Amino acid sequence: MTVSLSTTQILAGAGVLVLLFTVWRASARKARAAADAARASARVVSLAGRVLFTGAAFVGVQWLVITHPGSPLLLLVVLAVPDLIAAHVLTRALTVTTLDAPTIRRRGGGQR
């Protein structure tokens, strides 16, 4: 059995293969981008839920201590702890801990 293909048929077949590969790559990129977007939005929703839950817990404890007066020290602690946590989080978020400087590559590949 011999297969005889003309040059035009071989080029057309190669063109179809290149087109199929290009379409496959484009669809894979779109799928990856959609998955990344879905993950990012889920992270935002999850973070918002955790923030709301923690805020509600702080408000609930503060409301309980304020409406049932007892020790002024307990009131001070209940009002100060959320402020300290918020200050810690904001300080960490706004502090630059590293300087991302471009690495200098030397010729020869060795470290000096």
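All values reported here derive from a predicted model rather than from experimental measurement.
Here the straight-line distance linking atom OG of Ser27 with atom CZ of Arg32 works out to 10.0 Å at 0.5 Å rounding.
In this structure, His68 contributes its side chain and Leu64 its backbone to a donor-acceptor pair below 3.5 Å.
For the side-chain contact (heavy atoms from CB on, under 4.5 Å) with Leu79, the lone residue among Leu75, Val77, Asp83, Leu76 that qualifies is Leu75.
Under a hydrophobic-cluster definition in which Ile, Leu, Val, Met, Phe, Trp and Tyr are linked whenever side-chain heavy atoms come within less than 4.5 Å, directly or via other members, Leu74 and Val81 are assigned to different clusters.
A 4.5 Å side-chain heavy-atom check between Val78 and Phe58 finds every atom pair outside the cut-off.
Residues Gln62 and Pro82 share a closest heavy-atom pair of NE2-CG, 3.4 Å.
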